[in-house]
Amino acid sequence: MAANNRRMSGKKGAQVGSGGQRRKGLEGKGPTPPAEMRKKHKKNRIATAKAKQVARRPVVRGRGGKGTSEMVVGRNPVVEALREGVPASTLYVQQFIDNDERVREALQLAAERGGINLMEAPRPELDRMTNGLNHQGLVLQVPPYEYAHPEDLAAAAYDEGADPLIVALDGVTDPRNLGAVVRSVSAFGGHGVVVPERRAAGMTAGAWKTSAGTAARTPVARATNLTRALEAYKKSGLTVVGLAADGEAEVGDLEALGGPVVIVVGSEGKGLSRLVGETCDFRVRIPMPGGAESLNAGVAAGVVLYEASRRRA
């Protein structure tokens, strides 16, 4: 019995002041990262080399032209972009990054979406890709947006047996306003948005986020010259209606909104440019009893689109 007690007394127990280290050692460390992110793995070396090639890949233009690729930089912006369904081709993750909650969520969202390459890259490479911005170890590459041609929007409406309902933006430079207009066009049954090629907002990650996913089904066309694009619409039977604070008629009185129409919205500060204003068949105003001088592009487009939708119901 004494011998048995000696064996038991020699057994090492929990140490005082250990701080629960043994318990912490039993906790899980999360899922095993994919092979592309494990250092010294063959797939990791291939992924790193491919990351450099993708970052330098040139942009190819199509019928309506393509925008430039864009980088969403930083942990919170990357997670938000993935949550909102912003198109993405590659998620770059810095080597030896601290695996916090946002990094894990970004990896999970990218895996659930599918079609997004996971690339591990050293910090100097991410610094070069982002021109030294504070990327926090996460960079999301948004592929170039493929714009439609202005003619395609009207043609698609006629193919559906509907009168075209299109919004053109003149001098709108905030991508969030573009995204809001895309969302309104989708909500009221419109057939697309036209933007000028220069000095105008394009379909960036910010525009995608503001559109709340509707940009996936509402085309955006880019015109080399907006005035010529509007003249082409007029020749094909569409009425061009411009919004202006000093318009000759009120929106609610314009019968033309019930037919094939292009609604032109100018910038909040300057309104319609001279040439675009002269090209319009009608210039209409939105009554504002509250005394506001102007509305932003997204709100103004929504008001007129509602009136057009009401007349078509």
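What you see below is based on every heavy atom in this structure, not just the backbone, and it leaves out hydrogens, waters and symmetry mates.
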Rounded to the nearest 0.5 Å, what's the gap from [atom1] on [X] to [atom2] on [Y]? Could you check?
X      : Y      : atom1 : atom2 : result
Leu133 : Asp127 : CG    : CG    : 9.5 Å
Gln136 : Leu126 : CD    : CG    : 12.0 Å
Ile263 : Leu305 : CD1   : CG    : 4.5 Å
Leu109 : Arg104 : CG    : CZ    : 13.0 Å
Arg123 : Ile97  : CZ    : CD1   : 9.5 Å
Leu165 : Arg312 : CG    : CZ    : 4.5 Å

Given the rule that I, L, V, M, F, W and Y join up when any side-chain heavy atoms are under 4.5 Å apart, are [X] and [Y] in one cluster?
X      : Y      : result
Tyr147 : Val86  : yes
Tyr233 : Val195 : no
Val194 : Phe188 : no
Leu254 : Val262 : no
Leu169 : Leu257 : yes

Any donor-acceptor pair under 3.5 Å linking the side chain of [X] with the backbone of [Y]?
X      : Y      : result
Arg311 : Gly258 : no
Asp152 : His149 : yes
Asp170 : Ser273 : yes

With side chain to side chain contact (heavy atoms under 4.5 Å, CB included) as the test, would you mind laying out the steps for Val103 and Arg75 before giving the verdict?
-> CA-CA 7 Å; Val103 173; Arg75 299 189 184 188; 3.8 Å; yes
Between Arg310 and Glu307, does at least one N-O distance fall below 4.0 Å, as a salt bridge requires?
-> yes
Salt-bridge test for Asp281 and Lys234: reply yes if a basic N is under 4.0 Å from a carboxylate O, no otherwise.
-> yes
Under a 4.5 Å cut-off applied to non-hydrogen side-chain atoms, are [X] and [Y] in contact?
X      : Y      : value
Val167 : Val182 : no
Leu272 : Leu243 : no
Asp163 : Val261 : no
Val240 : Val264 : yes
Tyr92  : Leu138 : no
Leu91  : Asn117 : no
Met71  : His135 : no
Gln94  : Glu120 : no

Where do Glu248 and Val284 land on the side chain to side chain contact (heavy atoms under 4.5 Å, CB included) test, with the steps shown first?
-> CA-CA 6 Å; Glu248 298 81 18; Val284 299; over 6 Å; no
Could you report the tightest heavy-atom contact between [X] and [Y], atom names first, then the distance?
X      : Y      : result
Ala301 : Val181 : CB-CG2, 4.1 Å
Ile166 : Ala154 : CD1-N, 4.0 Å
Arg113 : Ala88  : NH2-N, 3.6 Å
Leu226 : Ala168 : CD1-CB, 4.2 Å
Gln141 : Ser69  : NE2-OG, 4.2 Å
Ala223 : Pro150 : CB-CG, 4.0 Å

Kindly determine whether Leu230 and Thr227 satisfy side chain to side chain contact (heavy atoms under 4.5 Å, CB included), including the steps that lead there.
-> CA-CA 5 Å; Leu230 295 176; Thr227 302; 5.8 Å; no
side-chain contact (heavy atoms from CB on, under 4.5 Å) partners for Arg217, two or more places apart = Ser186, Thr214
In this structure, are over 12 heavy atoms from other groups packed under 6.0 Å from [X] atom [atom1]?
X      : atom1 : value
Asp98  : CG    : no
Glu112 : CD    : yes
Tyr306 : OH    : no
Arg176 : CZ    : no
Arg183 : CZ    : no

Intermediate values then yes/no, salt bridge (charged side-chain N to carboxylate O under 4.0 Å, His left out), Arg274 and Glu278 | CA-CA 6 Å; Arg274 181 181 63 83; Glu278 292 173 355; 3.3 Å; yes
Residue pair Leu295, Met288: steps toward the side chain to side chain contact (heavy atoms under 4.5 Å, CB included) verdict | CA-CA 9 Å; Leu295 300 172; Met288 291 182 284; 3.6 Å; yes
